[in-house]
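Everything below concerns the one structure shown next.
If you read the sequence from its start, that first residue is 1, and numbering goes on from there. For ligands, and for the atoms within them, numbers begin at 1 and follow the listed sequence.
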Amino acid sequence: MSRLTVNGQPVQFSMDPATPLLWALRDAANLTGTKYGCGVGDCGACMVLVDGQALRSCLITLAEAEGRFVTTIEGLSRDRSHPVQQAMVAEQAIQCGFCTPGIVMSAAALLQRNAAPEEAEIKAAIPNLCRCGVYPRLVRAVQQAGRIMRGEGAGPVPALPPVAEN
Ligand code: FES
Ligand code: FES
């Protein structure tokens with residue numbers, strides 16, 4: 001039994017402790033916003049926050065996540081109103097969207113520790129791969145999200161409707 005906190009809720013997983021956190025989240029907790037891309041730590045599609053740090057959930061076992069606080073894209077906001085989510089939409093930094101949850105989690109972690117990152121810092125802190133090539137828009141989106149977090153600029157764009165329950 002592995003006990004951790006997921007999106008603010010205590011969760012127990014009755015799975016092999018060697019199971020990657022990614023599969024516990026997707027298959028047992030039905031948190032399918034966290035994506036499986038490569039499974040070997042290259043793409044970042046599976047990025048979640050663990051104790052506030054962006055980590056690839058395909059590389060962390062349940063045993064390693066024991067007792068830690070995990071946040072997935074579903075836990076970042078209920079209505080997609082997190083500044084990064086608002087800015088990604090406003091800057092149209094989403095094409096097919098497969099990489100988007102992982103990118104949002106990397107960006108959220110970056111802005112939590114530095115709300116005014118330079119372009120080089122953004123590129124270094126968001127190693128996620130995007131096969132659609134949203135990178136230039138992504139940089140603008142992260143900078144826009146930083147302005148929202150700092151209370152600067154034109155202000156946040158309206159939140160999208162709540163995500164429907166499964
Ligand atoms: Fe985890 Fe690609 S699925 S890094
Ligand atoms: Fe398609 Fe990034 S938007 S992979």
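Around atom 1 (Fe) of ligand 2, protein N, O or S atoms at less than 2.8 Å comprise C96 SG, C132 SG.
Under a hydrophobic clustering in which Ile, Leu, Val, Met, Phe, Trp and Tyr are joined whenever their side-chain heavy atoms come within less than 4.5 Å, directly or via other members, L31 and L76 fall into different clusters. There is no path of hydrophobic side-chain contacts, each under 4.5 Å, that joins L22 to V50. Put simply, V142 and I73 are part of the same group of oily side chains (I, L, V, M, F, W, Y) that touch within less than 4.5 Å, one to the next. Both M15 and L25 are assigned to one and the same hydrophobic cluster, defined by single-linkage of ILVMFWY side chains at heavy-atom distances under 4.5 Å.
Between Y135 and K123, the closest side-chain pair of non-hydrogen atoms is not below 4.5 Å. Residues P117 and L111 meet the side-chain proximity criterion, which asks for heavy atoms closer than 4.5 Å.
Because the distance cut-off is set at 2.8 Å, C43 qualifies as a neighbour of atom 2 (Fe) of ligand 1 through one of its N, O or S atoms. Not one N, O or S atom of C58 sits under 2.8 Å from atom 2 (Fe) of ligand 1.
Within the listing of ligand 1, atoms 4 (S) sit less than 4.0 angstrom from a heavy atom of D42. Counting the atoms of ligand 1 from 1 in the order shown, those under 4.0 Å from a heavy atom of C46 are 1 (Fe), 3 (S), 4 (S). Listed by number with element, the atoms of ligand 1 under 4.0 Å from a non-hydrogen atom of C38 are 2 (Fe), 3 (S), 4 (S). Counting atoms of ligand 1 from 1 in the listed order, those under 4.0 Å from a heavy atom of G41 are 4 (S). Near G39, meaning under 4.0 Å from one of its heavy atoms, ligand 1 places the atoms 2 (Fe), 3 (S).
Distance OG/S57 to CE/M47: 9.0 Å, rounded to 0.5 Å. In this structure, CD in Q12 is found 9.5 Å from CG in L4, a value given to the nearest 0.5 Å.
Looking at E119, its side chain never comes within 3.5 Å of a backbone N or O of V139 through a donor-acceptor pair.
E121 CD: more than 12 foreign heavy atoms inside a 6.0 Å radius.
Under 4.0 Å from ligand 1, not a single heavy atom of L22 appears.
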